[in-house]
Amino acid sequence: MAAPNSAERKACWDARDQLWKCLDDSDDKAASCQNFQREFEAKCPAQWVKYFTKRRDFLKYKEKLQTEGFTPAEGPRQPS
């Protein structure tokens, strides 16, 4: 498979941006963004879709850690 040319890359990135905006506006309710999801998957190579999906999940997790902080889970109690 040949690498996407600049027009195909731009179309992919635009589709990704539209999907992410829809997800942000709808509190990550994927059902309301299905048209954008289909367009994103149609315009981007499968590996890019996988990468961008993981990337968004990571960015959302990072944002949550920065705003809410990190609280370690309670581990087993050590005998005293």
Side-chain angles (χ1 to χ4, degrees):
M1 177 177 155
N5 64 32
S6 66
E8 292 167 333
R9 287 192 306 271
K10 182 173 180 350
C12 173
W13 295 332
D14 288 345
R16 175 206 57 195
D17 293 345
Q18 288 176 344
L19 172 63
W20 286 14
K21 182 178 183 339
C22 178
L23 290 170
D24 288 343
D25 292 347
S26 67
D27 268 343
D28 286 325
K29 290 183 177 66
S32 60
C33 301
Q34 285 183 347
N35 289 338
F36 292 110
Q37 181 71 37
R38 278 193 291 275
E39 184 176 341
F40 172 56
E41 291 174 359
K43 291 186 176 181
C44 297
Q47 282 296 100
W48 288 25
V49 170
K50 186 176 176 181
Y51 169 79
F52 286 138
T53 301
K54 286 183 179 182
R55 177 83 178 144
R56 184 170 196 280
D57 290 345
F58 169 75
L59 291 172
K60 294 301 255 181
Y61 176 72
K62 181 179 171 185
E63 179 183 335
K64 181 180 175 186
L65 283 180
Q66 289 174 336
T67 57
E68 297 174 17
F70 174 73
T71 306
E74 296 263 341
R77 299 223 177 240
Q78 299 294 327
S80 46

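With sequence neighbours excluded, the residues satisfying salt bridge (charged side-chain N to carboxylate O under 4.0 Å, His left out) with K10 are D14. For the side chain to side chain donor-acceptor pair (under 3.5 Å) test, residues two or more places apart in sequence or in another chain that qualify with K60 are D24. Partners of Q34 according to the side chain to side chain contact (heavy atoms under 4.5 Å, CB included) rule, which considers only residues two or more places apart in sequence or in another chain, are R38.
Residues P4 and C12 have side chains not in contact (no heavy-atom distance under 4.5 Å, counting atoms from C-beta outward). By the 4.5 Å heavy-atom criterion applied to side chains, R9 and W48 are counted as neighbours. Between D28 and R56, the closest side-chain pair of non-hydrogen atoms falls below 4.5 Å. Counting only heavy atoms from C-beta outward, the side chains of W20 and F52 approach each other to under 4.5 Å.
K21 has a carboxylate O that lies under 4.0 Å from a charged side-chain N of D25, or vice versa, which qualifies the two as a salt bridge. Looking at D57 and K62, no side-chain N of the basic residue comes within less than 4.0 Å of a carboxylate O on the acidic one, giving no salt bridge.
Pairing each heavy atom of V49 with each of C44, the nearest pair is CG2-CB, 3.8 Å. E8 approaches A3 most closely through the heavy-atom pair OE1-O, 4.5 Å.
Separating the CG atom in D17 from the CZ atom in F36 is a distance of 11.5 Å, to the nearest 0.5 Å. Summarising the geometry, atom CZ belonging to F40 is positioned 13.0 Å from atom SG belonging to C22; distances are rounded to the nearest 0.5 Å. Interatomic distance, K64 NZ to Q66 CD, rounded to the nearest 0.5 Å: 13.5 Å. Between atom CZ of residue R16 and atom OG1 of residue T53 there is a gap of 11.0 Å, rounded to the nearest 0.5 Å.
With hydrogens and angles disregarded, no donor-acceptor distance shorter than 3.5 Å links the side chain of E68 to the backbone of L65.
If you chain together hydrophobic residues whose side chains sit under 4.5 Å apart, Y61 and Y51 never meet in one group.
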